[in-house]
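All of these numbers come straight from a predicted model, not from anything done at the bench. Naming: A, B, ... by sequence-line order, numbering from 1 per chain.
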There are 2 protein chains.
Amino acid sequence: MARSEPAVDKRRVILDAAVRVFARQGFHTCRVSDIADEAGVAYGLVYHYFTSKDEILDTLFLERWDVLLHAIQEVDGQEIPVREKLFAIASFIVDSYRHDPELMKVIIVEVTRAANTFGRTHLPKIREAYDQIATIVERAQREGVLRSDVTPDFAALAFYGAVEQVLTGWIFALLPTGEREYEEAKYLIVETICGGLERKEGQRPAAGRAD
Amino acid sequence: MARSEPAVDKRRVILDAAVRVFARQGFHTCRVSDIADEAGVAYGLVYHYFTSKDEILDTLFLERWDVLLHAIQEVDGQEIPVREKLFAIASFIVDSYRHDPELMKVIIVEVTRAANTFGRTHLPKIREAYDQIATIVERAQREGVLRSDVTPDFAALAFYGAVEQVLTGWIFALLPTGEREYEEAKYLIVETICGGLERKEGQRPAAGRAD
DNA sequence: GAGCAGACTGACTGGTCAGTCAGCCACGAG
DNA sequence: CTCGTGGCTGACTGACCAGTCAGTCTGCTC
């Protein structure tokens, strides 16, 4: 095979190993040698591909967050009601967790919620997601579908906060996990934020979700 | 004065200094000597009153969190509608921030959101707050005031998540701060979670809050 | 088969800090 | 005046670990 295209991409192997190690031990608690061991690679090779331990986490976060930002952007472009847009975004994030819980754990625990370390570094990037959601809310307000006394910024924060809180609940076993729960969560998040917790006149006591 | 009752409680001085240092530099980034310097006290004295750096943060968190738990418990005991109960809880937390933003920043950033370090240690204590809120929701559901297809656990997470997200927004300047904003936030949180973002039939376009 | 590029190795270094400890000092008691 | 107590001091130590670097190995090219 050509030298320039090795059978295994060691850089990728290191990144994947880092996800497992960060998820298991946490970024600050693990040593770079733990990542090298997990990847089955020499210590020095980590520094051949990355300039620092931080850069590994930065890479993992940015790779995934860009996918999220593109997903939200695409949803925003569609001609569907707000509720469906927010459902699509919640679905994307929940499915990301379903597909790779370790990576999402690392991103949430070590970046998104780590306000004093990586969260601060990546705040502008994280904020892009808030802003995109706020834009969706704002348009719906102008169309008269959403109430306009709640500012778009605030609504975006509440929506994203609910999604992240649910993932955090799964990560730390505060909420039960499973296929059914993942699907249920998408519905509950949108229903809570858009519809509100209060029983409305003429509403079915237990909506159409009971199975 | 009696030796056993010094004019200044050095232990308290150290705790107060720690709040300022943790808020400014973050728990992991600051050194114990920074706390001692801020308190105007010798390095060793910190270890005379506390067994470790961790114990200082533990103390700050537990002191404040117990006050919160008692406040929620008291609210729960009152004979008022759910919406007012949740408003009272949101008010208590927002006012805590208004009264001592540095302490609340430390508690949220270094404990509550620090899922891999202190957040994990104090998870049971943090969970007590979720559970108390869930109890309030559950009772309101039985009384038929809140819809019952959203589980109490989930509703509690969404409500607390919204409150914490707003404080985080203030802490990191994602949202404007000020007396007006603090009062507005209490209303918006409860309105969003209980009423929902969607415009309801016969609802005033901009409720009674426009000024 | 010589030379080269670059992937790969892992022992070592330098800096950082949490926590220790030997002892100081102010003051009250005897 | 001496002694004891305990709040108080801060230089020091031991452990830890990110990042370095001198060098090896592999396999391609000429």
Side-chain angles (χ1 to χ4, degrees), chain A residues 1-61 106 110-111 114 116-118 120-121, chain B residues 1-61 106 110-111 114 116-118 120-121:
Chain A
M1 76 207 68
R3 296 296 327 293
S4 56
E5 196 189 314
V8 285
D9 179 356
K10 290 289 178 73
R11 193 184 128 93
R12 191 74 252 164
V13 168
I14 291 169
L15 283 171
D16 292 344
V19 169
R20 293 192 297 275
V21 173
F22 290 162
R24 195 193 313 136
Q25 302 173 240
F27 179 83
H28 294 287
T29 323
C30 83
R31 285 162 290 165
V32 173
S33 63
D34 294 332
I35 300 171
D37 291 350
E38 177 78 25
V41 133
Y43 186 91
L45 194 64
V46 175
Y47 286 92
H48 181 72
Y49 287 112
F50 302 95
T51 61
S52 67
K53 187 186 177 187
D54 285 16
E55 206 202 35
I56 299 173
L57 182 55
D58 287 340
T59 304
L60 289 171
F61 168 73
V106 169
E110 305 294 349
V111 186
N116 254 350
T117 53
F118 289 90
R120 169 157 276 149
T121 316
Chain B
M1 79 203 68
R3 298 293 332 291
S4 57
E5 195 188 315
V8 286
D9 179 356
K10 290 289 179 73
R11 193 184 129 93
R12 191 75 251 165
V13 169
I14 292 169
L15 283 171
D16 292 345
V19 169
R20 292 192 298 275
V21 174
F22 291 162
R24 196 193 312 136
Q25 302 174 237
F27 179 83
H28 294 288
T29 322
C30 84
R31 287 160 290 165
V32 173
S33 62
D34 294 332
I35 300 171
D37 290 351
E38 177 78 26
V41 134
Y43 186 91
L45 194 64
V46 175
Y47 286 92
H48 180 74
Y49 287 111
F50 301 95
T51 60
S52 67
K53 188 186 176 187
D54 285 16
E55 205 201 36
I56 299 173
L57 182 55
D58 287 341
T59 304
L60 290 171
F61 168 73
V106 169
E110 305 295 348
V111 186
N116 254 350
T117 53
F118 288 91
R120 169 157 275 149
T121 316

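We find that NE2 of B/His48 is positioned 10 Å from P of D/dG6, with the value rounded to whole Å. A/Leu57 places its CG atom 13 Å from the P atom of D/dA18, with the value rounded to the nearest Å. In this structure, CG of B/Leu45 is placed 6 Å from P of D/dT9, rounded to the nearest angstrom. We find that CZ of B/Arg11 is positioned 13 Å from P of D/dC8, with the value rounded to whole Å.
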Checklist entry - Please walk me through it: do B/Glu110 and B/Phe118 pass side chain to side chain contact (heavy atoms under 4.5 Å, CB included)? => result CA-CA 7 Å; B/Glu110 305 295 348; B/Phe118 288 91; 5.6 Å; no

Checklist entry - Going through the distances and angles, do A/Phe22 and A/Leu60 end up as a side chain to side chain contact (heavy atoms under 4.5 Å, CB included)? => result CA-CA 11 Å; A/Phe22 290 162; A/Leu60 289 171; 4.0 Å; yes

Checklist entry - Given B/Arg11 and B/His48, is the side chain to side chain contact (heavy atoms under 4.5 Å, CB included) satisfied, shown in steps? => result CA-CA 9 Å; B/Arg11 193 184 129 93; B/His48 180 74; over 6 Å; no

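Atom CG of residue B/Asp16 and atom CD1 of residue B/Ile35 lie 12.0 Å apart, to the nearest 0.5 angstrom.
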Less than 3.5 Å apart, which donor and acceptor atoms pair up between the side chains of residues 25-33 of chain A and the rest of the protein, not counting sequence neighbours?
unit_1, atom_1, unit_2, atom_2, d
A/Gln25, NE2, A/Asp34, OD2, 3.3
A/Thr29, OG1, A/Gln25, O, 3.1

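When the side-chain nitrogen and oxygen atoms of A/Lys10 are compared with OP1 and OP2 of C/dC8, one or more of them lie within a distance under 4.0 Å.
Taking A/Tyr47 as the reference, A/Tyr43 meet the ring pair (Phe, Tyr, Trp, His ring centres under 6.0 Å) condition, with sequence neighbours excluded.
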Checklist outcome for this item: A correct 5'-to-3' footprint of nucleotides 14-21 of chain C, with B, S and - meaning base, sugar-phosphate only and no protein heavy atom under 4.0 Å, is ---SBBB-

